[in-house]
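Reading through the structure tokens given below for one structure.
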Amino acid sequence: DSGVTQTPKHLITATGQRVTLRCSPRSGDLSVYWYQQSLDQGLQFLIQYYNGEERAKGNILERFSAQQFPDLHSELNLSSLELGDSALYFCASSGKTAHSGNTIYFGEGSWLTVV
Amino acid sequence: DAKTTQPNSMESNEEEPVHLPCNHSTISGTDYIHWYRQLPSQGPEYVIHGLTSNVNNRMASLAIAEDRKSSTLILHRATLRDAAVYYCILRRTQGGSEKLVFGKGMKLTVNP
């Protein structure tokens, strides 16, 4: 158990809909990362927050947005869903200070299926 | 992002040591070498990381070349549970972010 909690574990929704994925980082971790993994793309970095502020953006679509709340949990909002958005979405968290030597811990992921 | 090169796949036998190589010839002085692994349908799992010196933990050892242009992850006694995709990643703080950038990784098969 990494200590990173993601909900829901599985989600099936229709095209055009909007979903919210939730992540609770490890206790005390200030950084939260979101990744997308689909069969043909591998693990793609989406976005990072550090103590409530956006720190880095990767290959995140404009239809997607995220935020980190004062209690450090994070949400990833996916809207106008398309079939190609079907993927495993991972949240990860790391240390009390932002440092490349910190370990990043991943959650078990949220399976999103768009039909 | 600094690039690493790994074999696409490797095979090993259960209870034997296995050495997983990684080349990173463009590594910079502040890049940390991280190894993660991922079992099917699970989140990536931290294995080990290092900067310059060899590192040991309960899961594995990391041997880093003196010039830091390559490293080797060593699993001392492979088990079936070690069958996974292994990622060798150079991690640096860039633009204020220390995110991990995953490549294609290397699939390890462990034969009983």
Side-chain angles (χ1 to χ4, degrees), chain A residues 1-6 9-10 21 23 25-26 29-51 53-60 87-113, chain B residues 1-4 6 8-9 24 27-55 57-60 62 64 68 71 73 84-107:
Chain A
D1 181 9
S2 67
V4 179
T5 304
Q6 290 187 246
K9 288 190 172 9
H10 297 91
L21 308 180
C23 170
R26 291 182 349 130
D29 280 0
L30 298 178
S31 276
V32 169
Y33 310 79
W34 286 97
Y35 285 82
Q36 179 193 54
Q37 187 170 36
S38 54
L39 283 175
D40 57 347
Q41 291 291 324
L43 272 159
Q44 298 288 314
F45 169 73
L46 295 179
I47 198 164
Q48 177 197 358
Y49 280 83
Y50 179 78
N51 202 19
E53 294 190 1
E54 184 183 301
R55 181 65 71 100
K57 249 183 181 176
N59 302 319
I60 187 167
L88 194 50
Y89 290 85
F90 290 107
C91 172
S93 74
S94 71
K96 296 177 179 58
T97 59
H99 188 271
S100 299
N102 283 342
T103 299
I104 293 184
Y105 294 92
F106 284 78
E108 290 299 311
S110 292
W111 274 102
L112 173 65
T113 302
Chain B
D1 300 302
K3 185 177 168 57
T4 65
Q6 302 176 255
N8 288 333
S9 62
H24 28 78
I27 192 170
S28 76
T30 56
D31 287 346
Y32 281 80
I33 303 161
H34 285 252
W35 283 82
Y36 280 75
R37 70 183 185 184
Q38 187 177 24
L39 280 66
S41 301
Q42 293 190 24
E45 176 187 30
Y46 167 78
V47 179
I48 201 166
H49 77 277
L51 183 61
T52 55
S53 304
N54 294 344
V55 184
N57 66 20
R58 64 175 179 81
M59 289 181 70
L62 177 60
I64 301 172
R68 301 214 317 132
S71 61
L73 178 69
V85 177
Y86 285 77
Y87 298 93
C88 169
I89 304 167
L90 297 184
R91 188 169 175 220
R92 62 175 59 154
T93 299
Q94 195 167 30
S97 171
E98 60 294 331
K99 64 184 183 292
L100 286 170
V101 178
F102 288 82
K104 293 183 178 179
M106 187 213 73
K107 183 175 181 179

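We name chains A, B, ... by the order of the sequence lines, and we start the count at 1 in each one.
Counting all heavy atoms, side chain and backbone alike, Q37(A) lies closest to Y87(B) at NE2-OH, 4.2 Å. Closest heavy-atom contact between R91(B) and S94(A): NH2-OG, 4.2 Å. Between Q42(B) and F90(A), the shortest heavy-atom contact is O-CZ, 3.5 Å. Heavy-atom minimum distance, F106(A) versus L100(B): CE1-CD1, 4.2 Å.
At a 4.5 Å heavy-atom cutoff, the contact between Q38(B) and chain A is made by side-chain atoms alone.
Scanning for ring-ring contact (aromatic ring centres under 6.0 Å, His included) contacts around Y105(A) gives an empty result, with sequence neighbours left out.
Y36(B) contributes a side-chain N or O that, together with a main-chain N or O of I104(A), makes up a donor-acceptor pair within less than 3.5 Å. Here the side chain of Y46(B) pairs no donor or acceptor atom with the backbone of S2(A) at under 3.5 angstrom.
Put simply, of Q6(A), Q44(A), E108(A), the one with the most heavy-atom pairs under 4.5 Å next to chain B is E108(A).
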